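Taking it in order: structure first as structure tokens, then the write-up.
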Amino acid sequence: SGSRRRRPTCRGGRDGRVVPRLPMRTFFRFAALAGCGWLLDLALLLLLVRQLGVSPFAANVASSLVAASAVFLAARARVFSRAEGGLPVRMGLFLAYTLTVILVASAVVELLAARLPGLTMELGRVALDATAAAALAKVLVTPPQLLLNFVVSRLLAEHGRVRAAA
């Protein structure tokens, strides 16, 4: 027996009828939730860099894993139509994807954080300390990550039944 793909829905209209959820609306809901996760991520990153002296690379890996996991679980519950079954497998797949993206983004954050202080001095005579450079680097890598995270989170949260291997 084939499984039919469910269209995402939400309650709408004055009569409370179920209507299809628009992809843009879903994206904006995800982006709002991801924005909260990003604030957590940034706060952890800055705390690790400034207070504990952790490198921007390692700090970004740690802060991003915590925030991305929280956003995925919250988005699955509040933004996306949940596909049945397989949450441990879905979470495992999401963490594997997330770790890959975070490692790439963290390398970019490390590179930018090292280069931005010199660049800002050249261009505008603005001095950046390590914390400010790490924060600015994080801001620069966020937009492409947001779009990719939305696509992957939605795919894992909504589509198909995922079962653990027997």
Side-chain angles (χ1 to χ4, degrees), residues 8 10 21-83 86-159 162:
C10 65
R21 181 177 293 154
L22 301 173
M24 260 335 233
R25 181 176 172 176
T26 302
F27 173 75
F28 287 125
R29 289 178 55 158
F30 177 82
L33 183 59
C36 294
W38 189 85
L39 291 174
L40 170 65
D41 186 354
L42 182 64
L44 288 172
L45 172 79
L46 298 179
L47 173 76
L48 292 170
V49 170
R50 174 168 274 181
Q51 300 299 324
L52 301 177
V54 176
S55 76
F57 178 89
N60 193 62
V61 170
S63 66
S64 294
L65 276 174
V66 169
S69 297
V71 169
F72 175 74
L73 291 172
R76 185 175 187 272
R78 300 201 175 269
V79 176
F80 301 124
S81 299
R82 290 186 279 181
L87 179 59
V89 173
R90 290 173 195 279
M91 189 67 190
L93 290 171
F94 181 76
L95 288 175
Y97 149 78
T98 297
L99 185 57
T100 302
V101 170
I102 288 169
L103 290 173
V104 171
S106 296
V108 174
V109 166
E110 180 88 7
L111 178 70
L112 288 173
R115 304 247 195 267
L116 284 170
L119 184 60
T120 58
M121 281 302 288
E122 267 182 45
L123 295 176
R125 309 265 187 251
V126 176
L128 292 180
D129 66 6
T131 305
L136 181 55
K138 181 76 173 175
V139 167
L140 294 173
V141 302
T142 296
Q145 276 187 279
L146 173 64
L147 291 173
L148 194 55
N149 288 347
F150 170 73
V151 170
V152 172
S153 293
R154 184 172 183 190
L155 179 70
L156 288 173
E158 288 187 346
H159 296 285
V162 176

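Small disclaimer: the values here were computed from a predicted structure and weren't measured. Along the sequence shown, residues are numbered consecutively beginning with 1. Reckoned from all heavy atoms, side chains included, excluding hydrogens, waters and symmetry mates.
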Pairwise distance [atom1]([X]) to [atom2]([Y]) - rounded to 0.5 angstrom:
{"X": "Lys138", "Y": "Leu112", "atom1": "NZ", "atom2": "CG", "value": "12.0 Å"}
{"X": "Asn149", "Y": "Phe72", "atom1": "CG", "atom2": "CZ", "value": "11.0 Å"}
{"X": "Leu99", "Y": "Leu95", "atom1": "CG", "atom2": "CG", "value": "8.5 Å"}
{"X": "Thr142", "Y": "Leu42", "atom1": "OG1", "atom2": "CG", "value": "8.0 Å"}
{"X": "Leu116", "Y": "Leu128", "atom1": "CG", "atom2": "CG", "value": "6.5 Å"}
{"X": "Asn60", "Y": "Leu65", "atom1": "CG", "atom2": "CG", "value": "9.5 Å"}

Shortest non-hydrogen separation from [X] to [Y] and the atoms involved:
{"X": "Gly37", "Y": "Val71", "result": "CA-CG2, 3.6 Å"}
{"X": "Leu33", "Y": "Ala75", "result": "CD2-N, 3.3 Å"}
{"X": "Ala137", "Y": "Val109", "result": "CB-O, 3.7 Å"}
{"X": "Val141", "Y": "Pro144", "result": "O-CD, 3.5 Å"}
{"X": "Pro56", "Y": "Leu45", "result": "O-CD1, 4.0 Å"}
{"X": "Leu40", "Y": "Ala67", "result": "CD2-CA, 4.2 Å"}

- Mind checking whether Phe27 and Phe150 have parallel, tilted or perpendicular rings, split at 30° and 60°? perpendicular
- Verdict with reasoning, Val139 to Trp38, per side chain to side chain contact (heavy atoms under 4.5 Å, CB included): CA-CA 10 Å; Val139 167; Trp38 189 85; 3.7 Å; yes
- Message: With side chain to side chain contact (heavy atoms under 4.5 Å, CB included) as the criterion, how do Asp41 and Val66 come out once you've worked through the C-alpha distance, each side chain's angles and the decisive distance to 0.1 Å?
- Response: CA-CA 7 Å; Asp41 186 354; Val66 169; over 6 Å; no
- Item | side chain to side chain contact (heavy atoms under 4.5 Å, CB included) evaluation trace for Leu147 with Val151 | CA-CA 6 Å; Leu147 291 173; Val151 170; 5.9 Å; no
- Which residues pass the side chain to side chain donor-acceptor pair (under 3.5 Å) test with Ser55, sequence neighbours left out? none
